[in-house]
Amino acid sequence: MAPPKFMGLSGRPLSLAVSIVATTGFLLFGYDQGVMAGLITAPAFNNVFEATRDNSTMQGTVTAIYEIGCLMGAMFILGVGDLLGRRKAIILGGVIMVVGVTIQITAMAGATPLAQFIVGRVVMGVGNGINTSTIPTYQAECSRTSNRGLLICIEGGVIAFGTLIAYWIDYGASYGSDDLTWRFPIAFQILFALIICMPMIFLPESPRWLLSHGRVEDADKVISALRGYEIESEETVLERSLIIDSLRASGGYGQKSTPMKTLFTGGRTQHFRRMLLGASSQLMQQIGGCNAVIYYFPILFQTSIGETHSMSLLLGGINMIVYSIFATFSWFVIERVGRRRLFLYGTVGQMLSMVLVFACLIPNDQMTARGAAVGLFTYIAFFGATWLPLPWLYPAEVNPVKTRGKANAVSTCTNWLFNFLIVMVTPIMIAEIGWGTYLFFAVVNACFIPIIYFFYPETARRSLEEIDIIFAKGHAENISYVKAAEDLPHLQPAEIEAYALRYGLIEESSLTAAGRRARDEEEKAARDGNVTGSEGSIAKERGVESEFGSGLSTPNRAHHI
């Protein structure tokens with residue numbers, strides 16, 4: 001019997017179609033990040049929107065108001081995303097973005113063009129907030145463990161390519177008529193939005209979302225289609241069972257919407273800690289200074305280094321080429337190097353780049369200030385290779401299936417809230433404190449290093465269900481979650497069930513036949529004295545209740561999660 005199909009596809013081609021749509025969503029995100037950089041100081045734009053001419057506060061407001069819309073979209077998903085589903089949310093986000101673009105490009109001089117433009121920016125932001133809250137979760141829940149990190153890093157990496165496209169379209173359009181200069185770059189976004197909306201009508205829903213709503217038959221069909229299995233195969237049954245076990249452990253099986261209070265619980269599932277880890281990565285991405293470079297690169301060259309508007313646009317386009325090249329770096333190393341080390345390497349690189357920028361700007365000399373351009377280029381290289389994709393990947397995989405939708409929305413809300421703050425204040429900081437802006441970002445990056453080193457567990461090459469076990473292990477054995485991730489061996493699907501039983505995430509009755517075989521093999525190995533090392537054996541440690549500090553039998557521990 002052949003696997004089920006969506007859009008006439010199954011297996012790898014279907015997974016590729018899912019990834020193309022998800023990637024286009026972040027390509028559009030990157031495009032809109034860069035498109036205003038070349039427009040906000042363009043004479044043709046200022047002629048229509050007079051209030052933006054030579055007014056850093058208004059320039060910051062028009063650019064940053066988009067982030068308020070994105071925040072509203074992320075909050076919408078936080079409230080109803082679990083009910084709406086991943087697929088419908090992405091379609092809705094794309095449609096809203098088309099509406100927002102239309103409002104912007106129809107603004108005319110002589111009426112109230114700035115008010116209309118700002119409304120359009122907000123509306124488009126709502127659509128983007130919906131999509132950026134949903135797409136990483138959808139991609140993570142549809143991907144295999146072996147390529148989940150790569151696929152979401154590609155999503156994050158194409159943000160740079162979107163920004164690159166925006167910069168060069170801005171530069172090219174600047175040689176056209178006044179209307180072409182600003183209307184065409186904004187209207188071009190509709191193409192990306194349609195690529196997101198149309199295929200999603202025919203693509204499958206996330207299997208984990210379907211199972212969280214008790215739709216087992218639909219989930220089996222999607223799992224089989226995405227993996228290329230027969231619908232009644234043992235592989236389909238095992239993958240479905242692991243997802244259901246994870247949902248039951250966190251109390252989310254058959255529950256259509258996760259209550260907000262669940263995000264603030266601890267215990268073996270560590271929902272609150274995991275939400276904070278994901279949200280903090282988005283916070284650090286934004287306050288590390290990336291948008292001071294991406295949004296305002298041409299302005300930095302005009303005000304700090306003294307280049308013309310045209311030359312600043314050209315240099316901005318070159319900078320985005322560097323950005324895009326280095327954004328592909330993580331695609332090749334994300335699973336081999338891991339999340340923790342890339343976070344740390346990127347932070348050190350960003351910090352040193354900002355040190356170079358402010359040091360070169362202190363003498364207040366145009367020749368010396370050109371050295372600051374080197375710092376801006378190295379900053380964007382380190383950011384593109386590390387901090388650009390990682391905060392979109394980490395929350396999507398570190399949070400458990402029950403809270404993933406809401407926790408990822410919280411992370412995205414954090415992103416847009418601080419994105420707005422930085423985009424709003426950066427022109428004012430540059431105007432008022434000059435090189436002190438870059439000193440501030442250098443100090444902020446230095447503060448990230450101990451947080452990442454002590455609190456961020458490694459999730460590379462782990463299934464989403466293995467990550468649940470890392471946090472259960474850290475809680476049960478009262479060790480740091482970083483150490484728990486280091487100590488836990490990489491597990492096969494059947495072994496995951498046995499470890500979930502050991503740490504009280506599931507009950508004995510929930511084990512599949514494969515899980516029982518793995519458990520029995522461990523017990524036999526333990527009796528024969530063949531299991532050694534820091535992990536020990538499942539059989540020996542399952543009954544050692546003092547180690548868990550709960551005094552409960554395994555089934556009762558699961559009941560009290």
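We count residues from 1, following the sequence as given.
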Engineer: Return yes when atom CZ of F329 has more than 12 non-hydrogen atoms of other residues, nucleotides or ligands closer than 6.0 Å, and no otherwise.
Structural biologist: no
Engineer: Please, which pairs that meet ring pair (Phe, Tyr, Trp, His ring centres under 6.0 Å) have at least one residue in residues 80-108, sequence neighbours excluded?
Structural biologist: none
Engineer: What about F29 and W392, are their ring centers closer than 6.0 Å?
Structural biologist: yes
Engineer: Quick one: list whatever passes side-chain hydrogen bond (donor to acceptor under 3.5 Å, both in side chains) with D170, sequence neighbours left out.
Structural biologist: none
Engineer: What's the verdict on side chain to side chain contact (heavy atoms under 4.5 Å, CB included) for T412 and L71, showing C-alpha distance, side-chain angles and the deciding distance?
Structural biologist: CA-CA 8 Å; T412 310; L71 176 61; over 6 Å; no
Engineer: With a 4.0 Å cut-off on N to O distance, would you call R462 and D468 a salt bridge?
Structural biologist: no
Engineer: For F192, enumerate each residue passing the ring pair (Phe, Tyr, Trp, His ring centres under 6.0 Å) test, keeping only those at least two apart in sequence or located in another chain.
Structural biologist: Y31, F188
Engineer: If the condition is ring pair (Phe, Tyr, Trp, His ring centres under 6.0 Å), which residues does F448 pass it with, not counting sequence neighbours?
Structural biologist: W387
Engineer: If you look only at pairs with a residue in residues 394-415, which of them pass as a ring pair (Phe, Tyr, Trp, His ring centres under 6.0 Å), with sequence neighbours excluded?
Structural biologist: F343-Y394, Y394-Y456
Engineer: Can you list every salt bridge (Lys or Arg N to Asp or Glu O under 4.0 Å) pair that touches residues 422-437, not counting sequence neighbours?
Structural biologist: none
Engineer: Looking at M72, I want to see if its CE is surrounded by more than 12 non-hydrogen atoms of other residues, nucleotides or ligands under 6.0 Å.
Structural biologist: no
Engineer: Under 6.0 Å between the ring centres of W209 and Y138?
Structural biologist: no
Engineer: Return the CG to CD distance between L421 and E67, rounded to the nearest 0.5 Å.
Structural biologist: 10.5 Å
Engineer: Who are the side chain to side chain contact (heavy atoms under 4.5 Å, CB included) partners of M198, not counting sequence neighbours?
Structural biologist: none
Engineer: Please list, chain by chain and in numerical order, all residues satisfying ring pair (Phe, Tyr, Trp, His ring centres under 6.0 Å) with F264, sequence neighbours excluded.
Structural biologist: F272
Engineer: Taking the ring centre of each residue, are F202 and F6 less than 6.0 Å apart?
Structural biologist: no
Engineer: Say whether, by atom type as modelled, one donor and one acceptor occur between the side chain of T414 and the main chain of Q282 under 3.5 angstrom.
Structural biologist: no
Engineer: Passes ring pair (Phe, Tyr, Trp, His ring centres under 6.0 Å), Y323 versus Y167? Steps please.
Structural biologist: CA-CA 12 Å; Y323 185 29; Y167 265 71; 8.9 Å; no
Engineer: Identify every side-chain donor-acceptor pair in residues 94-105 under 3.5 Å, counting partners at least two apart or on other chains, and give the distances.
Structural biologist:
from: T102; atom 1: OG1; to: V98; atom 2: O; distance (Å): 2.9
from: Q104; atom 1: NE2; to: G100; atom 2: O; distance (Å): 3.4

Engineer: Going by the rule side-chain hydrogen bond (donor to acceptor under 3.5 Å, both in side chains), which residues pair with S206 if we only count those two or more places apart in sequence or in a different chain?
Structural biologist: E141
Engineer: Under the salt bridge (Lys or Arg N to Asp or Glu O under 4.0 Å) rule, what pairs show up with a residue in residues 180-205, not counting sequence neighbours?
Structural biologist: D179-R183
Engineer: Centroid-to-centroid, Y171 to W168, below 6.0 Å?
Structural biologist: yes
Engineer: For M75, I'd like to know if atom CE has over 12 heavy atoms of other residues, nucleotides or ligands within 6.0 Å.
Structural biologist: no
Engineer: List the residues meeting ring pair (Phe, Tyr, Trp, His ring centres under 6.0 Å) with Y481, not counting sequence neighbours, and say none if there are none.
Structural biologist: F471
